[in-house]
Visitor: 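Starting off with a structure, shown below.
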Protein chains: 4
Amino acid sequence: MLNRVILIGRLTRDPELRYTPAGVAVTQFTLAVDRPFTNSQSREREADFINIVTWRQLAETCANYLRKGRLTAVEGRIQVRNYDNNEGKKVYVTEIVADNVRFLESSNSGGNREEGAGSSNANASYGGGGGGNRNGGSREQQDPFIDDGKPIDISDDDLPF
Amino acid sequence: MLNRVILIGRLTRDPELRYTPAGVAVTQFTLAVDRPFTNSQSREREADFINIVTWRQLAETCANYLRKGRLTAVEGRIQVRNYDNNEGKKVYVTEIVADNVRFLESSNSGGNREEGAGSSNANASYGGGGGGNRNGGSREQQDPFIDDGKPIDISDDDLPF
Amino acid sequence: MLNRVILIGRLTRDPELRYTPAGVAVTQFTLAVDRPFTNSQSREREADFINIVTWRQLAETCANYLRKGRLTAVEGRIQVRNYDNNEGKKVYVTEIVADNVRFLESSNSGGNREEGAGSSNANASYGGGGGGNRNGGSREQQDPFIDDGKPIDISDDDLPF
Amino acid sequence: MLNRVILIGRLTRDPELRYTPAGVAVTQFTLAVDRPFTNSQSREREADFINIVTWRQLAETCANYLRKGRLTAVEGRIQVRNYDNNEGKKVYVTEIVADNVRFLESSNSGGNREEGAGSSNANASYGGGGGGNRNGGSREQQDPFIDDGKPIDISDDDLPF
DNA sequence: TTTT
DNA sequence: TTTT
């Protein structure tokens, strides 16, 4: 009924941009979010590694401007997908479907940047073009990301927008 | 670095209260949170089922007053634990460590209640006793909830408070 | 750069629906949000009274279904407007521009309801019609709500959507 | 009942640290938070200027490490105070009582810094010393900040912690 | 499988 | 494995 998440952390690697068969852009990345306390045994500060998914225009902006190590703010909703793995067992995947991403470090201010040309310090815009950006999402029965690289069996109808 | 989640949904079943070997109260429940859109194929409104964990004083209040079906608001942080399952494979568990829980329905206003005595419409207090309530949490290497019922191998030192 | 507010509280009175000269619906109400602690002197629990503004489709839904006393969740952004009062002094108004409102109590479950016909327990939908709902807002130089009742000098161009 | 705000913006000037007569540290600053859209007339991106208050340990950390222009994340609750001005009129002040502040730019990475010695890139810790940090707050009847500089009439009992 |  |  209400589902809102706000995170600030750093990308663990460069974002991955893909396209559904219907041509919809999807970008995934993982945010390392430091915990507010240190582990009582190791005395070390740990992090949670949280998977982020973005769709459409926002996906392309993220793919263009985010890089490993960059400090980033993400706003979105928690989504729990499930799919059947190769042993026929249900696997649950929790991820944040982002509808707002803020680049807190430009390409020349932080993070490690092995990229050739420095990218601009642009910010992700709210939503995309003419459509709502609140309802990005993916489907239930199958993990669109598990079949790495090959075209995936998703029609436009599967996407809730 | 910043990690905040706010959810409103309904309990899928009664909460489960346990105690660590050191006597720390832990309550778990699942919140069904309706998505803001309907599935484009089935035309049905789906929900995300999100696992919540609470610790200490808040755990006991939740166990006392929450019941299956009750509308509830939860505030907390996303935590990703992992443990090795019986096949030696790493399993990742995502859950919300709540530090604020609001009971939006009292025992006599909604939800289905098969419980004998009606419970009060009390609200969960902020944190507990004399300590901070922001840093509840569980440990990394082992799932404290997988070994259902039997005493579990967690010392007080594992708990970050 | 990022501006997000989530509140749960009760309406202090029935919402007020108006229309700008261009015909855009605006609904205002105030939420009483209990503080998480009691006043250290009076030992009483106090509340913050927070002004909410909604626009367009959401404004009409709120006007139709919300009533004084109802428990309500509001999601939006903080906005600080200012206008010159009749003494030529700048007055600052802080309010929440809501883009998501959840009715936590239907007409027959709580709040005081003097209304004749009971209204349904409908939920506010995300945004409106075909446009983005993220960018509701009001303008800077003049308070559209101060000139109570009479038509107000706002053209459609003033509204950022 | 639930009251949560998360902001990212830049300080409009250096923070101001004061002490109540009882010796409690209070720091105030203003955050300029860019709106997610441009003004439809001026085509310019505007900002909301939002007042932040922090108490105790967090107040001192903010005063030490924040400077004008720095990109900063703030988490807290909205509070509406009121006081009677010199004409006996009630004035309402809305501010964010922060319980978590994140320094997104260190002294050597951004913002304008006229300060002599570079300050460290420390982060505000969660809460302070031995006490809870959730319930910072200020009092209702009088504005502790209006009587600039001179000792102010607040006893410890006025402060809800 | 992880970031600074 | 799911709630209304």
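Convention: sequence-line order gives letters A, B, ...; per-chain numbering from 1.
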Visitor: For B:Thr30, enumerate each residue passing the side-chain hydrogen bond (donor to acceptor under 3.5 Å, both in side chains) test, keeping only those at least two apart in sequence or located in another chain.
Guide: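 Result, side-chain hydrogen bond (donor to acceptor under 3.5 Å, both in side chains) vs B:Thr30: B:Asn51.
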Visitor: From C-beta outward on B:Arg10, which listed nucleotide comes closest to its side chain: F:dT4, F:dT1, E:dT4?
Guide: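 Nearest listed nucleotide: F:dT4.
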Visitor: Starting at CG of B:Asn51 and ending at P of F:dT1, how long is that distance when rounded to a whole Å?
Guide: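 After rounding, the reported distance stands at 14 Å.
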Visitor: Side chain of B:Thr30 only, please: which of F:dT4, F:dT2, E:dT3 is the nearest?
Guide: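 Closest of the options to the side chain of B:Thr30: F:dT2.
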Visitor: How long is the line joining NZ of B:Lys68 and C1' of F:dT4, in whole Å?
Guide: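 My rounded result for the distance is 11 Å.
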Visitor: Mind calculating the distance between CZ (B:Arg45) and P (F:dT3) to the nearest angstrom?
Guide: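 It works out to 17 Å between those atoms.
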Visitor: Would you kindly give the CZ-to-P distance between B:Arg13 and F:dT4, to the nearest whole Å?
Guide: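 In whole Å, F:dT4 P lies 13 Å from B:Arg13 CZ.
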Visitor: Could you give the CE-to-P distance, from B:Met1 to E:dT2, as a whole number of Å?
Guide: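 Nearest whole value for this atom pair: 21 Å.
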Visitor: Do the non-hydrogen side-chain atoms of B:Leu71 and A:Met1 ever get within less than 4.5 Å of each other?
Guide: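 A side-chain contact under 4.5 Å exists here.
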Visitor: Measure from CG on B:Leu71 to P on F:dT3 and round the result to the nearest Å.
Guide: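 Between P of F:dT3 and CG of B:Leu71: 15 Å.
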Visitor: Quickly work out the B:Asp14 CG to F:dT2 C1' distance and round it to whole Å.
Guide: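 To the nearest whole Å, that distance equals 13 Å.
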Visitor: Regarding D:Arg70 and D:Glu105, does a basic nitrogen lie under 4.0 Å from an acidic carboxylate oxygen?
Guide: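 The answer is no: the pair does not qualify as a salt bridge.
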Visitor: Rounded to whole Å, please give me the gap between CZ in B:Arg35 and C1' in F:dT2.
Guide: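 Taking atom C1' of F:dT2 as the reference, CZ of B:Arg35 is at 13 Å.
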Visitor: Walk me through it: do A:Leu31 and A:Ile96 pass the test side-chain contact (heavy atoms from CB on, under 4.5 Å)?
Guide: CA-CA 10 Å; A:Leu31 224 53; A:Ile96 306 305; over 6 Å; no
Visitor: As a test of reading the structure: which of E:dT3, E:dT2, F:dT3 is closest to the side chain of B:Tyr92, going by heavy atoms?
Guide: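 My answer, after comparing the listed nucleotides, is E:dT2.
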